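Hydrogens, waters and symmetry mates are skipped; everything else that's a heavy atom, side chains included, is used. None of these values were measured; they are calculated from a predicted model. Within every chain, numbering begins at 1; the chains are lettered A, B, ... in the order of the sequence lines, protein sequences first and strands thereafter.
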2 protein chains.
Amino acid sequence: MEPLPRETIVDVLERRLQEDILDGTHPAGSLLPPEQRLAEGYGVTRTTVKHAFGRLTQAGLLETRHGVGTRVRDYLRLGGADLLPMLVRHNPEWLADIFEVRAGVGTLIAERAAAKATPPQRARLRTLLDAVAAATEPDAVQLADAEVHRALARATGNRVYVLLTNTLFAAYLPLRVRLVAPFHDPAESAARLEPLVTAVAAGDPATARTAAQAYLGETQRIMLEALEPS
Amino acid sequence: MEPLPRETIVDVLERRLQEDILDGTHPAGSLLPPEQRLAEGYGVTRTTVKHAFGRLTQAGLLETRHGVGTRVRDYLRLGGADLLPMLVRHNPEWLADIFEVRAGVGTLIAERAAAKATPPQRARLRTLLDAVAAATEPDAVQLADAEVHRALARATGNRVYVLLTNTLFAAYLPLRVRLVAPFHDPAESAARLEPLVTAVAAGDPATARTAAQAYLGETQRIMLEALEPS
DNA sequence: TTGAATGAGTGGCTCATCCACTGCCTGAGT
DNA sequence: ACTCAGGCAGTGGATGAGCCACTCATTCAA
């Protein structure tokens, strides 16, 4: 059992403000109403508003100056990759851009992992590949597939690739119910992934590179096609 | 004049807690002392502690559960790329990993920009290259160089590359005083960058790719070598 | 014309207090 | 001996009133 999250008032307020910012109600660069007024407007305490502001500031959406006010940052120009989950949730159009980057970065990771993985890491990849084939639910297949890619990132020996992979997954896995198209058949999924894992396990960067391109391009195509109808 | 930042109590407390987490005083997975006790210990109000907690939670370092307590997340395993600025500041060892990713991603961006840039974007790159040559201070040269790379990311037409570039810059530009080595001579810096800009402006992905690899590999080498003595 | 003082409006921070949730422990009933 | 309902202690969630500090535009005297 997971300790599943509770929704506090601050959470709700934060999400509300976030949406008002992303959909342009509070455009980038504009000054938000004073905390006191927002608090009255939303029927909460100024303290609560401040808590929500603090989080949004940390997230890179707001900028507060003592004695002046709170301004909406130009997040698209100045923000970092951590904005992606939020942006995707608000506008799935971002998925196409994300998948292109996933394909590019995934190829780099595969190439590097083939060159640098340790023997236990190569063995671990095989195990995780078997887990993909053994999964039953499409959702479980997709998650098992994601675990393979996390392991690939770790196998590069470069922890930045691990964090980058986490960021990309955090951006599109929340929408995975709409992206299960490539994962309905466990055997097929595992077969599609197999050449990549084999090349990495064999320590062959060039083959890993082409295998990654094939795999990532194919799954990307299937996911985006399946997304169209929505 | 920049509106430069003020350091509030919450900022200080946040930084302090962050350091205590990153250096292992509060190891990943451990339960923090109750808010009341921390507040007494640091001589602030529980409200202030909560504000700091809120930001660190948003940053992915903490996890709070009502009625139980606040726990340190396993950020290295679960965290995203937004942790990088913090991690680098605390342990510059990360720079090597970051530069490797910068080289890989930078190459992808150059290739893609060469294929997709619009005419005004190609012209803009030339302008920014001239700005590098025209800069006088090494620091200004480095920042002008960074602007070229931001423009390249924008020229891909993929906004995720822009955010990714922002994340990487946010990670290592704060330490740029220790990384100015490649940028002491404006003319030389511009000359090193010129083949890349030319290839992108000409719309030649293959040449852009090799030019990017040469540029990124060279600057990376110089920066890391200059870093050694510290 | 200058520049010091003022005051309105804003965010920073504290305090005291109450509520809600969780986990454990106790003790009655089986 | 075992079970489980109830209570209880400890924790975070949220409030609201209050005071302080900062910024900026206005005012007014030199």
Side-chain angles (χ1 to χ4, degrees), chain A residues 1-18 20-21 25-73 75, chain B residues 1-18 20-21 25-73 75:
Chain A
M1 277 283 147
E2 317 117 34
L4 257 282
R6 317 204 46 87
E7 185 98 328
T8 80
I9 298 265
V10 178
D11 292 331
V12 176
L13 178 57
E14 179 191 0
R15 193 154 36 80
R16 173 63 170 278
L17 288 169
Q18 191 184 89
D20 286 350
I21 290 170
T25 304
H26 300 304
S30 69
L31 209 54
L32 255 51
E35 298 179 348
Q36 180 57 48
R37 193 133 56 83
L38 277 176
E40 286 167 7
Y42 287 121
V44 297
T45 318
R46 212 187 117 207
T47 313
T48 303
V49 172
K50 286 184 78 63
H51 274 108
F53 273 23
R55 296 200 205 168
L56 292 168
T57 301
Q58 174 70 36
L61 287 185
L62 298 181
E63 209 167 23
T64 291
R65 285 178 57 197
H66 192 178
V68 179
T70 300
R71 199 172 285 280
V72 179
R73 281 216 333 164
Y75 50 91
Chain B
M1 274 287 144
E2 317 115 34
L4 258 281
R6 318 204 47 86
E7 184 98 327
T8 80
I9 296 265
V10 178
D11 292 331
V12 175
L13 179 58
E14 180 192 0
R15 193 153 36 81
R16 173 63 171 277
L17 289 169
Q18 192 185 89
D20 285 350
I21 290 169
T25 304
H26 300 304
S30 68
L31 209 54
L32 254 50
E35 297 179 349
Q36 180 57 48
R37 194 133 56 82
L38 277 176
E40 286 167 8
Y42 288 120
V44 296
T45 317
R46 216 187 113 205
T47 312
T48 303
V49 172
K50 287 182 78 65
H51 274 105
F53 273 23
R55 296 202 205 164
L56 291 168
T57 301
Q58 174 71 36
L61 287 185
L62 298 181
E63 210 167 22
T64 290
R65 285 179 56 198
H66 192 178
V68 180
T70 300
R71 200 172 285 280
V72 179
R73 282 221 326 166
Y75 50 90

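Rounding to the nearest 0.5 Å gives a distance of 10.0 Å between CZ of B:Arg71 and CG of B:Leu32. Summarising the geometry, atom CZ belonging to B:Arg46 is positioned 10.0 Å from atom CZ belonging to B:Phe53; distances are rounded to the nearest 0.5 Å. In this structure, the separation between NZ on B:Lys50 and NE2 on A:His51 is 5.5 Å, given to the nearest 0.5 Å.
For B:His51 and C:dC15, the NE2 to P distance is 15 Å, given to the nearest whole Å. Across the protein-nucleic acid pair, A:Leu13 atom CG and D:dG13 atom P stand 15 Å apart, rounded to whole Å. When rounded to the nearest whole Å, the span between CG of B:Leu31 and C1' of D:dG10 equals 12 Å. Regarding B:Glu63, its CD atom lies at a distance of 16 Å from the C1' atom of D:dT11, rounded to whole Å. Between A:Asp11 atom CG and D:dG13 atom C1' the separation is 11 Å, expressed in whole Å.
Between B:Thr45 and C:dC13, a side-chain N or O to OP1/OP2 separation shorter than 4.0 Å is absent.
For the 3.5 Å distance criterion, the side chains of B:Gln18 and B:Glu14 fail to qualify, holding no donor opposite an acceptor.
For B:Arg73 (side chain) and B:Gly60 (main-chain N/O), a donor-acceptor pair under 3.5 Å exists by modelled atom type.
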request  = Let me have a per-nucleotide readout for nucleotides 7-12 of chain C, 5' to 3', with B, S or -, counting only protein heavy atoms under 4.0 Å.
outcome  = --BBBB
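Under a 4.0 Å N-O distance rule, the pair A:Arg15/A:Asp11 does not qualify as a salt bridge.
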